[in-house]
Amino acid sequence: MKKIFLLLFVTLLGNPAIAQITDYSIFDKKFNFYVANDLGRNGYYDQKTIAELMGVMAENGTDPEFVLATGDVHHFEGVRSVSDPLWMTNYELIYSHPELMIDWFPLLGNHEYRGNTQAVLDYSNISRRWTMPARYYTKVFEDKGMTIRVVWVDTAPMIDKYRNEKETYPDACKQDYKQQLAWIDSVLTTAKEDWVIVAGHHPIYAETPKDGSERRDMQSRLDPILRKHKVDMYICGHIHNFQHVRVPGSDIDYITNSAGSLSRKVSPIEGTVFCSPEPGFSIVSANKKTLELRMIDKKGNVLHTVTRSK
């Protein structure tokens, strides 16, 4: 089995599909948005490079409608208040390209839970872009007869690791994750859109140097609800690399988006379709017939494309 995984890993690293985007017509007549996460490093590593690339690609034709921010936009013990300078250095200044002056729909990561979690919510009241109505929420987007529902979920309270570390994550243990799971179930039960994406911070299936108990809690609590319903993709962040996983018995594409900072090594696990340690972001494109997610590295290369078709 290890030999098979090693062969897969070598094959993936030599993926001939890797190429820079030169023909932006692939985004024409489609509803496009970005996925970004783990940005809070004050411009260190590749954050500024990726921020500029996101803006330049938007100018050239990706034309994103919004940014789906899957958590940990702020590191270093989290945000303390709405006037915290981290907001400026990590977000308002670095991601300042005019084409990125669009709605950013975030969710909470474990780093946000280390600070003033309420301030993360309250920042919507003063930011030009930050749009976060609740810890978990849903929104439907329509374009040329196509509908796509995104469900933002709050994953830290679903994981015992964070619930039990009350001094480090004092707010996570106070959240009723069972109430949230019931809400997710009810939303997905009534979802009739062409495409349904659920976004959280923590992976359900992915190779990770993090505590394995995080995935086990996600697999036992969130995943059974997602499998019950018509969910096309589960998109997350947290572990700073790109991964695309398919698992037996589930029709969901499990996607891990890489980081704008501090990328980490990755090895494929069983069910891995693609993985890469490159830093970057993703572009999601949809029309009535297809849903595509392209993983983009810091040089603008398309590393891998996840495609779902009607």
Quiz item: side chain to side chain contact (heavy atoms under 4.5 Å, CB included) between R129 and L100: does it pass, once the steps are laid out?
Solution: CA-CA 9 Å; R129 298 173 288 167; L100 299 181; 4.3 Å; yes
Exercise. Mind running side chain to side chain contact (heavy atoms under 4.5 Å, CB included) on I26 and E292 for me, showing each step along the way?
Key: CA-CA 11 Å; I26 58 176; E292 298 172 312; over 6 Å; no
Self-check item: Step-by-step side chain to side chain contact (heavy atoms under 4.5 Å, CB included) determination, L181 to M158
Solution: CA-CA 9 Å; L181 292 177; M158 301 180 191; 3.9 Å; yes
Quiz item: Going through the distances and angles, do E207 and V266 end up as a side chain to side chain contact (heavy atoms under 4.5 Å, CB included)?
Solution: CA-CA 7 Å; E207 190 279 333; V266 60; 3.7 Å; yes
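Expressed to the nearest 0.5 Å, how far CG of L188 lies from CH2 of W183 amounts to 8.0 Å. The CD1 atom of I269 lies 9.5 Å from the SG atom of C275; values are rounded to the nearest 0.5 Å. Between the CZ atom of R80 and the CG atom of D84 there is a distance of 8.0 Å, given to the nearest 0.5 Å. One finds the NE2 atom of H97 at 11.0 Å from the CE atom of M54 (value rounded to the nearest 0.5 Å). Atoms CD and SG, from E167 and C173 in turn, are 11.0 Å apart once rounded to the nearest 0.5 Å. Residue S276 holds its OG atom at 13.5 Å from NZ of K265, rounded to the nearest 0.5 Å.
Taking both residues in full, the closest heavy atoms of T155 and G200 are given as CG2-CA, 3.9 Å, listed atom of the first, atom of the second, then distance. Summarising the geometry of E165 relative to K161, their closest heavy-atom pair is CG-O, 3.2 Å, with the distance given to 0.1 Å. Nearest approach of N32 to F27, heavy atoms of both residues: ND2-O, 3.1 Å. The heavy-atom pair separating T147 from E193 by the smallest distance is OG1-CA, 3.3 Å. The shortest non-hydrogen separation linking T131 to P106 is O-CD, 3.2 Å. Of all heavy-atom pairs spanning A58 and P64, the tightest one is CB-CD, 3.5 Å.
Although no hydrogens or angles enter the test, the distance criterion places a donor-acceptor pair under 3.5 Å between the side chain of Q20 and the main chain of K299. Remark: side-chain polar atoms of D72 are paired, donor with acceptor, to backbone N or O of H111 under 3.5 angstrom. Of the possible polar contacts, one joining the E112 side chain to the G109 backbone as a donor-acceptor pair under 3.5 Å is found. Remark: side-chain polar atoms of K30 are not paired, donor with acceptor, to backbone N or O of V284 under 3.5 angstrom. Of the possible polar contacts, one joining the H240 side chain to the L262 backbone as a donor-acceptor pair under 3.5 Å is found. Checked by atom type and distance alone, the side chain of S261 pairs as donor or acceptor with a backbone atom of D38 at under 3.5 Å. In terms of modelled atom types and a separation under 3.5 Å, the side chain of D297 and the main chain of M295 share no donor-acceptor contact. When atom types are taken as modelled, the side chain of R308 and the backbone of D232 share a donor-acceptor pair closer than 3.5 angstrom. The closest donor-acceptor contact from the side chain of D176 to the backbone of K178 lies under 3.5 Å. In this structure, N287 contributes its side chain and T290 its backbone to a donor-acceptor pair below 3.5 Å.
Residues V247 and R227 meet the side-chain proximity criterion, which asks for heavy atoms closer than 4.5 Å. In this structure the side chain of F281 reaches within 4.5 angstrom of the side chain of M57, judged on heavy atoms. Contact check for I184 versus Y136: no side-chain heavy atoms found under the 4.5 Å cut-off. The side-chain heavy atoms of I255 and V35, taken from C-beta on, include no pair separated by under 4.5 Å. A heavy-atom distance below 4.5 Å is not found between the side chains of Y34 and I102. A heavy-atom distance below 4.5 Å is not found between the side chains of V306 and F274. Using a 4.5 Å cut-off on side-chain heavy atoms (C-beta onward), P277 and S263 make no contact. Side-chain contact between F242 and H304 is absent, with no heavy atoms from C-beta onward closer than 4.5 Å.
Within the structure, the ring pair (Phe, Tyr, Trp, His ring centres under 6.0 Å) test picks out the following pairs touching residues 147-166 (sequence neighbours left out): F105-W152, Y137-W152, Y162-Y169, Y162-H202.
For E142, the CD atom counts as loosely surrounded, since its 6.0 Å shell holds 12 or fewer non-hydrogen atoms of other residues, nucleotides or ligands. Annotation for K48: atom NZ does not count as buried by contact number, only 12 or fewer foreign heavy atoms lying within 6.0 Å. The environment of K310 atom NZ is dense: over 12 non-hydrogen atoms of other residues, nucleotides or ligands sit within 6.0 angstrom. K298 NZ: 12 or fewer foreign heavy atoms inside a 6.0 Å radius.
Side-chain atoms of H229 and D185 form a donor-acceptor pair, as typed in the model, at a separation below 3.5 Å. If you check the side chains of N37 and H201, you find no donor sitting under 3.5 Å from an acceptor. S81 and S83 share a side-chain donor-acceptor pair at under 3.5 Å. In this structure, a donor-acceptor pair under 3.5 Å is present between the side chains of N257 and S282. D223 and Y205 share a donor-acceptor pair across their side chains, judged by distance under 3.5 Å alone. Of the N and O atoms on the side chains of Q118 and D122, at least one donor lies less than 3.5 Å from an acceptor on the other residue.
I239 and Y113 fall into different hydrophobic clusters, where Ile, Leu, Val, Met, Phe, Trp and Tyr side chains are chained together by heavy-atom contacts under 4.5 Å. In terms of hydrophobic clustering, with Ile, Leu, Val, Met, Phe, Trp and Tyr side chains grouped at heavy-atom distances under 4.5 Å, Y24 and L293 are assigned to a common cluster. Side-chain heavy atoms closer than 4.5 Å link hydrophobic residues (I, L, V, M, F, W, Y) into clusters, and following such links, even through other members, never connects M101 to I126. Linking Ile, Leu, Val, Met, Phe, Trp and Tyr residues whenever their side-chain heavy atoms come within less than 4.5 Å places I252 and L68 in a single cluster.
D160 and R216 are not joined by a salt bridge, as no carboxylate oxygen comes within less than 4.0 angstrom of a charged side-chain nitrogen. Between R135 and D171 there is a salt bridge, since a side-chain N of the basic residue sits under 4.0 Å from a carboxylate O of the acidic one.
Taking the side chain to side chain donor-acceptor pair (under 3.5 Å) definition, one finds that S127 meets it with E92, sequence neighbours left out. Take A51 and apply the side-chain contact (heavy atoms from CB on, under 4.5 Å) test, not counting sequence neighbours, and it matches I94, Y95.
Tested against F66 for a ring-ring contact (aromatic ring centres under 6.0 Å, His included), the candidates W104, F141, W130 yield a single pass: F141.
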